[in-house]
Amino acid sequence: MRSRAWLWLTVAWCLPVLLVLGLTGLVQAESATLQVSPDVVEINSFFQGRYVTVTGTLPEGLGAVVEVTGPTAEEHLMRKGRRGPLWMNVGAINVTGAPSIYIVMSSAPDLLEGKGAATWGFPFLTKNLSLSGDLETVEHTMFKQQFLELKQSQKLYASLPGGLTVSAAGDGRQKVTGKFWLPSNIRPNTYKVCLTSVKDGQPAGQTCIDLGVEMVGFPAFLMTMAYDHAALYGLLAILIALVVGAIMGYLFKGGGGH
C-alpha cells in the first residue's frame with residue numbers, strides 16, 4: 001500500500017511539471033521572432049531617407065504580415081473649392097485616427113486583399129479614420145480615399161502585397177525578410193514594427209518591436225535650440241536672414257555695376 005501511495009504521489013507531482021514543459025515547448029514552437037536593421041535611424045544634415053530591413057521567423061505553413069505604424073495625431077487639412085473663376089480654400093477638414101506613418105507588407109498578395117483586409121491594410125486603416133469639418137456625410141468615403149492618396153504621395157503610407165520573401169529556416173520554421181523605405185520627411189519618434197502570423201486569413205499570433213528615429217548633428221542642435229531656447233533661436237534666425245540678405249544685395253549690386 002505504501003509503495004502505491006508513493007507511486008501516485010510521484011505521478012501527481014510530475015504530471016503538472018510535464019504539462020508545463022510541454023506547453024512551454026508548444027508556445028516556443030508557435031512563437032514568432034522579429035528584428036529590424038537598423039533599429040535606430042539617424043537623421044543628419046544629409047538624410048534623404050533610407051531602407052530598413054525586416055527579418056523574422058515563424059512556424060511553417062503560416063502567412064506573414066508586417067506593419068510599420070506611427071503614433072496617431074489629429075490632422076487639419078484645407079479643402080479647396082471654386083469661388084467664381086478662382087480656386088481657393090473653402091473650409092477645413094479634421095482627420096483623427098490616422099497614424100503618422102503606415103506601411104504594410106505581406107508574404108502573399110491575397111493577405112492584403114482577402115478577408116484578412118478587415119484586420120490590417122488600407123481597408124482596416126480607412127475604417128479607423130474619422131473626418132469632421134466642412135463636408136457632407138456622403139463625402140466621407142471620397143475624402144478618406146483622397147487622404148490615403150495624399151499620404152502615399154508623401155511616402156508616409158505604403159501597401160506592399162507580396163513584399164515579404166519566405167524561405168526555409170529549418171526545425172519546422174520559415175524565415176521572412178523584407179524592406180521598407182523611410183522617407184526624408186519622417187519625424188523623430190518611436191515607431192512600432194509588428195509581425196503577425198496568419199492562418200486561414202486570420203491572425204494566429206503577433207510580435208512587435210520598436211524602431212527609433214532620432215535627429216543627430218546639426219539638425220538635432222537646431223531642434224534643441226528651437227524648443228529649449230526659442231528666443232535665442234529666433235534672434236539667430238533674424239541675424240542669419242539679415243546677413244544673407246546683405247550678401248545677396250551686395251552681389252547683385254556689384255553685378256549690376258558692370
Side-chain angles (χ1 to χ4, degrees), residues 36 41 43 47-52 54 65-84 86-106 109 111-161 163 178-196 198 203 206 208-215 219 222-223 226-227 230:
V36 292
V41 175
I43 299 177
F47 182 74
Q48 298 294 326
R50 68 159 299 161
Y51 280 106
V52 176
V54 179
V65 172
V66 169
E67 295 173 283
V68 184
T69 310
T72 60
E74 184 173 358
E75 298 200 28
H76 307 281
L77 305 176
M78 298 306 299
R79 178 176 183 176
K80 298 291 185 179
R82 191 164 185 171
R83 293 293 183 265
L86 302 177
W87 285 89
M88 61 183 65
N89 295 330
V90 296
I93 298 176
N94 303 318
V95 183
T96 56
S100 57
I101 185 172
Y102 183 76
I103 301 170
V104 59
M105 303 180 287
S106 65
L111 291 180
L112 300 185
E113 302 167 355
K115 56 183 179 181
T119 309
W120 46 67
F122 283 0
F124 174 75
L125 185 64
T126 303
K127 290 195 304 182
N128 288 279
L129 294 180
S130 296
L131 303 182
S132 61
D134 299 311
L135 72 167
E136 302 293 335
T137 303
V138 295
E139 296 179 310
H140 280 226
T141 300
M142 177 185 68
F143 276 98
K144 284 183 178 181
Q145 182 61 36
Q146 292 183 355
F147 178 79
L148 292 181
E149 292 173 356
L150 171 64
K151 289 297 184 179
Q152 290 180 82
S153 68
Q154 297 171 343
K155 308 299 182 182
L156 294 173
Y157 284 13
S159 179
L160 306 171
K179 63 180 181 179
F180 59 89
W181 178 256
L182 282 184
S184 58
N185 56 344
I186 189 74
R187 294 182 178 180
N189 215 318
T190 299
Y191 299 90
K192 191 71 68 176
V193 182
C194 294
L195 169 62
T196 302
V198 184
Q206 186 180 76
C208 299
I209 58 175
D210 290 337
L211 170 63
V213 177
E214 58 185 34
M215 284 189 175
L222 289 180
M223 184 175 68
Y227 281 97

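Note that these values count all heavy atoms, side chains included, but never hydrogens, waters or copies made by symmetry. Remember, it's a predicted structure, so these values are computed and weren't measured experimentally.
- The CZ atom of F47 sits 10.0 Å away from atom CE of M215, with the distance rounded to the nearest 0.5 Å.
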| Yes or no on side chain to side chain contact (heavy atoms under 4.5 Å, CB included) for Y102 and V68, after CA distance, side-chain angles and deciding distance? | CA-CA 5 Å; Y102 183 76; V68 184; over 6 Å; no
| task | Walk me through it: do F147 and T126 pass the test side chain to side chain contact (heavy atoms under 4.5 Å, CB included)? | result | CA-CA 10 Å; F147 178 79; T126 303; over 6 Å; no
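- Rounded to the nearest 0.5 angstrom, E74 CD and T96 OG1 are separated by 6.5 Å.
- Taking the side chain as every heavy atom from C-beta outward, P183 and L156 approach each other to under 4.5 Å.
- When all heavy atoms of H140 and L131 are compared, the pair lying nearest together is CE1-O, 3.3 Å.
- If you take CD on Q146 and CG on L77, they are separated by 10.5 Å, rounding to the nearest 0.5 Å.
- Y157 pairs in a side chain to side chain contact (heavy atoms under 4.5 Å, CB included) with only one of the listed residues (I103, L150, L125), which is L125.
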| request: For side chain to side chain contact (heavy atoms under 4.5 Å, CB included), just list the numbers for T69 and Y191, CA-CA rounded to whole Å, side-chain angles, deciding distance to a tenth of an Å, and then say yes or no. | output: CA-CA 6 Å; T69 310; Y191 299 90; over 6 Å; no
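- At distances below 3.5 Å, not a single donor-acceptor pair connects side-chain atoms of N128 with backbone N or O atoms of A98.
- Atom CD1 in I186 sits 8.0 Å away from atom CG in L211 (nearest 0.5 Å).
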| Given W120 and V198, is the side chain to side chain contact (heavy atoms under 4.5 Å, CB included) satisfied, shown in steps? | CA-CA 11 Å; W120 46 67; V198 184; 3.6 Å; yes
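- In this structure, V213 and R187 have side chains that are not in contact, with every pair of non-hydrogen atoms separated by 4.5 Å or more.
- Of all non-hydrogen atoms in G70 and P99, the two that sit nearest each other are O-CB, 3.3 Å.
- If you take CD on E75 and CG on N94, they are separated by 10.5 Å, rounding to the nearest 0.5 Å.
- In this structure, the side chains of Q152 and F122 come closer than 4.5 Å at one or more pairs of heavy atoms.
- Taking CZ from F180 and NZ from K155, the interatomic distance works out to 15.5 Å, rounded to the nearest 0.5 Å.
- The closest side-chain heavy-atom distance from I101 to L182 is below 4.5 Å.
- Considering every non-hydrogen atom in both Q48 and S184, the closest pair reads C-CB, 3.7 Å.
- Within the 4.5 Å cutoff, no side-chain heavy atoms of L160 are placed close to those of V104.
- The shortest distance between side-chain heavy atoms of V193 and D210 does not fall below 4.5 Å.
- For P188 against E214, the heavy-atom pair with the smallest separation is CB-CA, 4.2 Å.
- Considering every non-hydrogen atom in both M105 and K179, the closest pair reads SD-O, 3.5 Å.
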| task | Start with the C-alpha distance between K144 and E139, add both sets of side-chain angles, then the distance that settles salt bridge (Lys or Arg N to Asp or Glu O under 4.0 Å), and finish with yes or no. | result | CA-CA 9 Å; K144 284 183 178 181; E139 296 179 310; over 6 Å; no
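- Looking only at side-chain heavy atoms (C-beta outward), L112 and S159 come within less than 4.5 Å of each other.
- Shown here for S106 and P161, the closest heavy-atom pair between the two residues is OG-CA, 3.5 Å.
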